[in-house]
Amino acid sequence: MAAEAEHQLLSTAVHDTMPGKYVRPESQRPRLDLVVSDARIPVVDLASPDRAAVVSAIGEACHTHGFFQVLNHGIESSLILSVMAVAREFFRLPAEEKAKLYSDDPAKKIRLSTSFNVRKETVHNWRDYLRLHCYPLDQFVPDWPSNPPSFKEIISTYCREVRELGFWLYEAISESLGLEGGYIKETMGEQEQHMAVNYYPQCPEPELTYGLPAHTDPNALTILLMDDQVAGLQVLNDGKWIAVNPQPGALVINIGDQLQALSNGKYRSVWHRAVVNSDRERMSVASFLCPCNSVELGPAKKLITDDSPAVYRNYTYDEYYKKFWSRNLDQEHCLELFRT
C-alpha cells in the first residue's frame, strides 16, 4: 500500500512535467482566459446589529449566487491560522507517514486520497485530500492522523465551531425563506459532518487540468476556509466562471443540493470548480453539513402552493448520496434525477 500511495499522491514529489493522466481533452479544459477575475460574490457581515438585514442579504445571496462570504463569523482568526498551518504541515509529512492513511475507497470514513474518485475516473484531478468524518467527534477523532501531534486538537476545535456557525446560518436561511428559524436544522435530523482538507500542489501546466472539475455539493451546506494568499475557487454565475477572491478573515459559504431541494428551487446549489496554478501550492478546508441518512428530504411543505408546485420528489439522503457517488462528478446536476 505504501508504494501505491507514494505513486498515487501528488504531494510526495515535485512535478516539473505534466503526467498524461491529468491532461483534459481540449473541449473540457478550464479556459482560464475567459474567467471573470474582478467580479464580487456577496459578502455578509454577521456582526451587523440589523439582523433582518443580515437575513435578507443571506437570502438574496442564496437566490442569486448560491455562494457568499461571511465576515465576523465568530471563529477566532488565531484558530483559522492554526488550522491552515497544521493542514499544510500534514501534507509536508514524509511519504511513508502519509501512506498509512491512503485509500481510494470512497466508503472509508477517514482516508488520504488523490483526485476525486480514482476508481471511476479516466482523467485525474490535480489534488490530494484528507477526508475526515467529524461528528460525533469522540467516535472519529481516535482514528484521525496522530501526526502532526497538534492535528487532532486543532481540527476538532475548528469542527465544533464550524458546526455552530452552520446551525446559525441554517436559522437565517430558514427565516429568509419564510420558515420557522429551526426548520432546516430539525428537518435534516441528527446531522453528519465531514471535512475535506484539500492540497493543490504547484502544477506545471494549469490550463490543461483541474484541482476539481465543475460539480455541485450533494450535502446541505458547505463552509470553506480558503487560502487567503492564493485564489483557485471559481463559481458559475450567469453562464460565466467567476473567480472567488479570498477576503482576509472571511469564510465562503455555499448552498448544497439539499437546500436547493428544500427551498423548492428558490435557492441554488451552483456549479463550482477549483483550478490550479504554476506559481504556488494552495490549500483549502471544506466542512460539509449533511442530513441524517434516513430522514425524508424534499421541498418544505410551506413552500409548495398551487402557484409553485413541488419541483422535486421526496427521498432520503442515503438514496441521494449513493446516486451522487455512482455518477461522474461533472454529469448533469444530480437533483435533475429527483424532479417530480
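All figures in this text were calculated on a predicted structure; none of them were measured in a lab.
Ile41 has its side chain within reach of Gln69: a pair of non-hydrogen atoms, C-beta onward, lies under 4.5 Å apart. Put simply, the side chain of His194 reaches to within 4.5 Å of the side chain of Cys290, judged on heavy atoms. At a threshold of 4.5 Å between non-hydrogen side-chain atoms, the residues Leu71 and Val44 do not count as touching. With contacts defined as side-chain heavy-atom distances shorter than 4.5 Å, the pair Val235/Val270 qualifies. In this structure, the side chains of Asp228 and Gln247 stay at 4.5 Å or more apart for every pair of heavy atoms. Residues Tyr170 and Gln191 have side chains in contact (heavy-atom distance under 4.5 Å, counting atoms from C-beta outward). Using a 4.5 Å heavy-atom threshold, the side chains of Leu224 and Leu233 count as touching. Using a 4.5 Å cut-off on side-chain heavy atoms (C-beta onward), Arg160 and Leu137 make contact.
A salt bridge links Arg313 to Glu319: one of the charged nitrogens lies within less than 4.0 Å of a carboxylate oxygen.
Thr64 pairs by the side chain to side chain donor-acceptor pair (under 3.5 Å) definition with nothing, not counting sequence neighbours. In this view, Arg280 and Gln229, Val230, Asn277 satisfy the side-chain contact (heavy atoms from CB on, under 4.5 Å) rule, not counting sequence neighbours. When the side-chain contact (heavy atoms from CB on, under 4.5 Å) test is applied to Ser48, the partners found at least two apart in sequence or on another chain are Asp50, Val54. Under the ring pair (Phe, Tyr, Trp, His ring centres under 6.0 Å) criterion, Tyr317 pairs with Tyr321, not counting sequence neighbours.
Listed by first then second residue, pairs satisfying salt bridge (Lys or Arg N to Asp or Glu O under 4.0 Å) with a partner in residues 179-205 number zero, not counting sequence neighbours. Sorted by first and then second residue, the side-chain hydrogen bond (donor to acceptor under 3.5 Å, both in side chains) pairs with a member in residues 284-298 read Asn198-Ser284, Glu296-Asn314; sequence neighbours excluded. For residues 23-71, the ring pair (Phe, Tyr, Trp, His ring centres under 6.0 Å) pairs, not counting sequence neighbours, are Phe67-His272. Identified under the ring pair (Phe, Tyr, Trp, His ring centres under 6.0 Å) test for residues 8-32, with sequence neighbours left out: His15-Trp126, Tyr22-His124, Tyr22-Trp126.
Annotation: cation-pi pair Arg163/Tyr135 present, NZ/CZ under 6.0 Å from the ring centroid and within 45° of its normal. In this structure, Arg31 is not positioned above the aromatic face of Trp241 in the sense of NZ or CZ being under 6.0 Å from the six-membered ring centre and within 45° of the axis.
A single hydrophobic cluster is seen to contain both Val285 and Leu165, as judged by linkage of ILVMFWY side chains at heavy-atom distances under 4.5 Å, directly or through other members. Hydrophobic cluster membership differs between Phe288 and Met188, with clusters built from Ile, Leu, Val, Met, Phe, Trp and Tyr side chains linked at under 4.5 angstrom. Trp325 and Leu212 fall within the same hydrophobic cluster, where Ile, Leu, Val, Met, Phe, Trp and Tyr residues are linked whenever their side-chain heavy atoms come under 4.5 Å apart, directly or through other members. Linking ILVMFWY residues whenever their side-chain heavy atoms come closer than 4.5 Å, directly or via other members, leaves Leu208 and Val275 in distinct clusters. Connection of Met226 to Leu46 is not established within any shared hydrophobic cluster, with ILVMFWY side chains joined at heavy-atom distances below 4.5 Å, either directly or through further cluster members.
Between the side chains of Arg273 and His215, no donor-acceptor pair of N or O atoms lies under 3.5 Å. A donor atom on one side chain and an acceptor atom on the other are not found under 3.5 Å apart for Arg127 and Tyr210.
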**Q.** Ser11/Lys98 under side chain to side chain donor-acceptor pair (under 3.5 Å): CA gap, chis, key distance, verdict
**A.** CA-CA 10 Å; Ser11 54; Lys98 287 189 292 205; 3.1 Å; yes
Q: Start with the C-alpha distance between Arg111 and Leu101, add both sets of side-chain angles, then the distance that settles side chain to side chain contact (heavy atoms under 4.5 Å, CB included), and finish with yes or no.
A: CA-CA 5 Å; Arg111 63 195 171 97; Leu101 289 156; over 6 Å; no
Validation: residues 250-265 side-chain donor-acceptor distances under 3.5 Å, sequence neighbours left out:
unit_1: Asn254; atom_1: ND2; unit_2: Asp217; atom_2: OD2; d: 3.1
unit_1: Asp257; atom_1: OD1; unit_2: Thr216; atom_2: OG1; d: 3.0
unit_1: Asp257; atom_1: OD1; unit_2: Ser269; atom_2: OG; d: 2.6
unit_1: Asp257; atom_1: OD2; unit_2: Thr216; atom_2: OG1; d: 3.4
unit_1: Asp257; atom_1: OD2; unit_2: Tyr320; atom_2: OH; d: 2.6
unit_1: Gln258; atom_1: OE1; unit_2: Tyr315; atom_2: OH; d: 2.7
unit_1: Gln258; atom_1: NE2; unit_2: Pro218; atom_2: O; d: 2.7
unit_1: Gln260; atom_1: OE1; unit_2: Ser269; atom_2: N; d: 2.8
unit_1: Gln260; atom_1: NE2; unit_2: Tyr312; atom_2: OH; d: 2.9
unit_1: Ser263; atom_1: OG; unit_2: Leu259; atom_2: O; d: 3.0
unit_1: Ser263; atom_1: OG; unit_2: Gln260; atom_2: O; d: 3.0
unit_1: Ser263; atom_1: OG; unit_2: Lys266; atom_2: N; d: 3.3
unit_1: Ser263; atom_1: OG; unit_2: Tyr267; atom_2: N; d: 2.9
unit_1: Asn264; atom_1: OD1; unit_2: Val311; atom_2: N; d: 2.8
unit_1: Asn264; atom_1: ND2; unit_2: Pro309; atom_2: O; d: 3.1

Please set out all donor-acceptor pairs under 3.5 angstrom arising from side-chain atoms of residues 32-40, sequence neighbours excluded.
none

Ignoring hydrogens and angles, write down the donor-acceptor pairs under 3.5 Å from the side chains of residues 76-91, residues two or more places apart or on other chains.
unit_1: Ser82; atom_1: OG; unit_2: Ser78; atom_2: O; d: 2.9
unit_1: Arg88; atom_1: NE; unit_2: Glu281; atom_2: OE2; d: 3.1
unit_1: Arg88; atom_1: NH2; unit_2: Asp227; atom_2: OD2; d: 3.0

Give every donor-acceptor pair under 3.5 Å between a side-chain atom in residues 144-153 and any protein atom, sequence neighbours left out.
unit_1: Trp144; atom_1: NE1; unit_2: His133; atom_2: O; d: 3.2
unit_1: Asn147; atom_1: ND2; unit_2: Glu97; atom_2: OE2; d: 3.3
unit_1: Lys152; atom_1: NZ; unit_2: Pro142; atom_2: O; d: 3.3

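By the 6.0 Å contact criterion, CD on Glu26 is open, its count of non-hydrogen atoms from other residues, nucleotides or ligands being 12 or less.
In terms of modelled atom types and a separation under 3.5 Å, the side chain of Ser176 and the main chain of Ile58 share no donor-acceptor contact. Under the 3.5 Å distance criterion, the side-chain polar atoms of Thr12 are left unmatched by any main-chain donor or acceptor of Ala95.
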